[in-house]
Structure formats: C-alpha cells, structure tokens
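The structure appears right after this line, and notes come after that.
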Amino acid sequence: MNIHEYQAKEIFRQAGMPVPPGEVATTPDEAEAIARTYGGTVVVKAQVHSGGRGKAGGVKLASTPEEARAHAEAILGMEIRGLTVNRVLVTPAEDIASEAYVGVLMDRKAQAPTFMVSAEGGVDIEEVAATNPDAIRKLTVDPRYGLLPHQAYWLANALYDDPAIIKQAARVIAQLYDAFRSAGASMAEINPLITTPEGEVKAIDAKVTIDDNELFRHPELEALRDTDAEPWAETRAREAGLSFVKLDGDVGCCVNGAGLAMATMDLVKYYGGDPANFLDIGGSSNPEKVVAALEIITADPNVKVILFNIFGGITRCDDVANGIVEATRRIDIKTPIVIRLTGTNEEEALRILEEAGFSAFTSMDEVVQKAVELAAGA
Ligand code: GDP
Ligand code: MN
C-alpha cells in the first residue's frame with residue numbers, strides 16, 4: 001500500500017526524525033491560510049503516490065501566501081504520471097546546502113532489508129544506479145540483530161565529511177530503520193536528506209510503502225489508505241478479495257490459483273501473446289468474485305480477449321461455470337471470452353457453458369492459442 005508524503009512524514013516524526021512541519025490543503029484558500037500561519041517562504045507540494053513530482057511541476061516554492069495560493073491553484077487537479085492531485089502539502093521552505101539519498105527496502109534476493117545511500121540525492125536513485133553505480137553505498141541488514149550502530153555510521157560516512165553531520169545522519173538512518181520495521185514497510189526513502197547551511201540534517205521528502213501482508217497488524221496504517229489516489233481496479237480487486245496486478249498486454253486473464261495464473265501468463269507469452277493482467281480469483285467459485293474479475297478486466301481498454309483458466313479441485317467446475325454465466329448476464333461484455341475448465345465436474349461445466357454459447361475447452365494449450373489468435377485478429 002502506498003501512502004502520501006505527509007503521512008510518511010508523520011511516521012518519520014513519530015520515530016524522532018528531523019522533519020519540517022507541514023499541513024495539508026485541498027483548496028487554494030486553505031493553502032494560503034496555512035502559508036500565512038508559517039510566514040516566510042513555503043513549499044507547496046502535490047500529494048500523489050508518485051516520485052518525480054518536482055520535475056513534473058508539482059513542487060513549488062512560494063515567498064508569499066498569495067503565491068502559495070496561486071501554486072496550489074495550479075497544482076490541485078494537475079495530473080502527475082496519470083494520477084490526479086487532490087491535496088497539497090504546505091511546508092516551510094528549508095535552505096539547502098546539500099541533498100543526499102537514503103533508502104531502505106526489502107531486498108527479495110538478499111531476503112533482508114537493504115539500505116542504499118548516495119551523496120547524489122534529489123534525483124531518481126534508479127538514474128544514479130544506471131549512470132554512476134559507484135556513487136551508491138549498499139548494506140544488507142541482518143534482521144536478527146537489526147541495524148548496528150557502526151553500520152549506520154558506515155552508511156552516513158558515504159554521504160558527508162563533517163563528523164558532526166555524520167553523527168546526525170547516522171541517527172536519522174537508525175531511526176529510518178526503526179520506522180521501516182515498526183510500520184511493516186517494504187520501502188522507506190528520504191530523497192533528499194538535506195543539510196542546511198547551519199549544519200543541520202533534515203528529511204524534506206518522505207516515501208513509504210507498507211507491505212500489504214502487514215496491514216492486519218496495523219489498523220492505524222490501513223486507515224491512511226487513500227482510495228481516491230489509487231487506480232480504481234486495485235480498489236475493486238482488494239474489496240472483492242482478488243489478487244490483481246495490471247500489465248500492459250491485451251489478453252485479459254482470469255485464473256484460480258496464483259501458480260496457475262503465472263503458468264497461464266507464461267503460456268500466453270509462449271504463444272506470442274501478451275497478458276493484460278495477473279488475476280487470481282482464489283479457490284472460490286463465488287459468482288461475486290467472477291463479476292468483480294470481469295468488471296476489472298473489461299474496464300481495461302487494452303483488453304481484446306478474456307481468457308478463463310480454471311482448475312477444479314475443491315472448487316467445482318460447474319460452480320465456476322454458473323458463476324461465469326451469471327456474471328456475463330449481469331454485465332454486458334462485448335469482448336470475446338474463451339474458457340478452459342478441467343477437474344471436478346468438468347463435463348457438467350462444459351455443458352452449462354456450451355448451452356450459454358461460450359467456447360469451452362479442457363486443454364490449456366488450446367485455449368491459450370485460441371485467446372492469442374483472437375487478440376491478434378481483433
Ligand atoms: P519529488 O520530486 O517528488 O521527489 O519531490 P521532493 O520533495 O523531493 O522535491 C523535489 C525538489 O524540490 C527537491 O529535491 C528540492 O531540490 C526541491 N525542494 C523541495 N523542498 C524544498 C525546500 O524546502 N527548499 C528548497 N530550497 N527546495 C526544496
Ligand atoms: Mn524526492
């Protein structure tokens with residue numbers, strides 16, 4: 001789950017990190033009023049689940065409340081990487097002497113949290129990794145011991161020369177690790193971590209992604225979810241209990257079981273097609289789930305064909321077939337649908353589907369080839 005910068009900053013503050021104050025506005029009036037209470041120069045910052053806001057014109061300095069209002073007017077409603085800005089953060093502007101990058105993420109290869117830090121902050125870390133990988137210092141944390149003090153110093157040492165600043169940065173890095181761990185985050189990032197001309201270290205940007213599997217432990221974090229800021233399909237899939245990942249192809253896939261869903265996507269690729277999504281309806285033949293799945297798949301304008309691949313074990317194929325028929329009765333679908341079912345009660349399922357006018361298969365190879373063919377011909 002993604003959260004906004006202002007929410008991530010609150011998590012950072014609770015961990016004791018030096019983060020400037022800030023307040024959220026949803027209208028230019030509010031932005032102006034907040035700027036007035038701070039006095040002096042403020043920054044007006046788009047709150048969307050995306051980086052690169054600065055480059056997109058979503059981060060603006062304002063030296064007067066009137067200017068803050070004008071920036072809020074321009075930024076609210078703006079689109080950044082396909083996401084509409086509904087809120088801005090108004091925060092006192094800091095004087096910046098240097099910008100560094102500090103991030104920690106769950107590294108699947110290392111199977112442990114891994115820090116990346118760089119003195120080249122303020123820019124995309126992916127860009128630094130591609131053009132100047134030596135400018136990044138990495139450290140994998142042994143989760144049994146956590147981040148040890150000398151490791152925090154070793155990371156901070158890659159960023160600064162001044163011992164007083166290194167000491168502050170090491171503290172921030174240790175606090176970031178605590179925040180990351182206690183929030184059940186998969187990623188926590190400060191970009192930039194700045195120094196001020198007075199030699200103070202501060203986090204002026206914050207990005208945190210919470211691991212969805214940690215949310216049951218953290219009702220207070222679940223409450224931070226902003227469904228207006230996430231793609232509709234993700235919200236719908238979550239509410240219906242579907243595992244869904246959008247992809248860029250045109251073959252909409254609806255499968256039961258994550259393993260079978262991946263195998264189906266592989267086979268689509270093998271036959272020269274391109275999956276539009278990963279979608280696992282789980283071990284259920286509940287028509288509500290099938291309706292939700294079809295709503296999500298058909299809402300994607302790229303989808304040219306819908307491919308069902310169902311393996312009936314405990315799930316009965318005839319239940320799934322009834323679910324599909326029921327779902328297509330409730331929503332009007334123009335896209336061709338091809339279905340493969342095999343396993344428990346498959347004969348009955350095929351009879352139900354053929355009666356309803358669907359092309360039903362029992363072979364996975366055949367149905368995938370058919371789907372790829374239809375997608376190419378459509
Ligand atoms: P991002 O582009 O989405 O990563 O948004 P950031 O919060 O990182 O802001 C982008 C850039 O705007 C930073 O790298 C800074 O250079 C600049 N910026 C942000 N806040 C301040 C501030 O308080 N003072 C100054 N002078 N610049 C700022
Ligand atoms: Mn940033």
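Each ligand, and each atom within it, is numbered from 1 in the order the structure gives.
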Protein residue, atom and distance nearest to [atom], heavy-atom basis:
atom	value
atom 27 (N) of ligand 1	Ile96 CD1, 3.3 Å
atom 7 (O) of ligand 1	Lys45 NZ, 2.5 Å
atom 18 (N) of ligand 1	Ile204 CD1, 4.2 Å
atom 16 (O) of ligand 1	Glu99 OE2, 3.0 Å
atom 3 (O) of ligand 1	Arg53 NE, 2.6 Å

pair Thr84-Glu79: side-chain heavy atoms closer than 4.5 Å: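 Result yes, sub-4.5 Å side-chain heavy-atom pair found.
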Where [X] and [Y] come nearest, the two heavy atoms and their spacing:
X	Y	value
Ala158	Val117	CB-CG2, 4.2 Å
Ala371	Val305	O-CG1, 3.3 Å
Leu61	Glu67	O-OE2, 3.5 Å
Phe361	Lys370	CZ-CG, 3.8 Å

Atoms of ligand 1 less than 4.0 Å from [X] heavy atoms?
X	answer
Asp205	1 (P), 4 (O), 5 (O), 6 (P), 7 (O), 8 (O)
Pro192	8 (O), 14 (O)
Gly54	1 (P), 2 (O), 3 (O)
Glu94	22 (C), 23 (O), 24 (N), 25 (C), 26 (N)

Result block: side-chain N/O donor-acceptor pairs under 3.5 angstrom for residues 141-148, not counting sequence neighbours:
| from | atom 1 | to | atom 2 | distance (Å) |
| --- | --- | --- | --- | --- |
| Asp142 | OD1 | Arg144 | N | 2.9 |
| Asp142 | OD1 | Arg144 | NE | 3.1 |
| Asp142 | OD2 | Arg144 | NE | 3.4 |
| Asp142 | OD2 | Arg144 | NH2 | 2.7 |

Contacts of type salt bridge (Lys or Arg N to Asp or Glu O under 4.0 Å), residue Arg330, not counting sequence neighbours: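 Salt bridge (Lys or Arg N to Asp or Glu O under 4.0 Å) check on Arg330 returns Glu288, Glu326.
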Heavy-atom protein neighbour under 4.0 angstrom from atom 11 (C) of ligand 1: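 Protein heavy atoms within 4.0 Å of atom 11 (C) of ligand 1 - there are none.
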Contact bool for atom 25 (C) of ligand 1 (protein heavy atom, d < 4.0 Å):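 Given the 4.0 Å limit, the answer for atom 25 (C) of ligand 1 is yes, a protein heavy atom qualifies.
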Residues that Phe12 engages under ring pair (Phe, Tyr, Trp, His ring centres under 6.0 Å), provided they are two or more places apart: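 Expected list: none.
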Per-residue contact class, Asp95 against ligand 1 - non-hydrogen pairs under 4.0 Å: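 Neither; no heavy atom under 4.0 Å.
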Cut-off under 2.8 Å, centre the Mn ion (ligand 2), protein N/O/S atoms: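 Near the Mn ion (ligand 2), below 2.8 Å, one finds Asn191 O, Asp205 OD2.
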Criterion side chain to side chain contact (heavy atoms under 4.5 Å, CB included) on Leu215 and Met1, from CA distance to verdict: CA-CA 9 Å; Leu215 287 171; Met1 178 180 85; 4.0 Å; yes
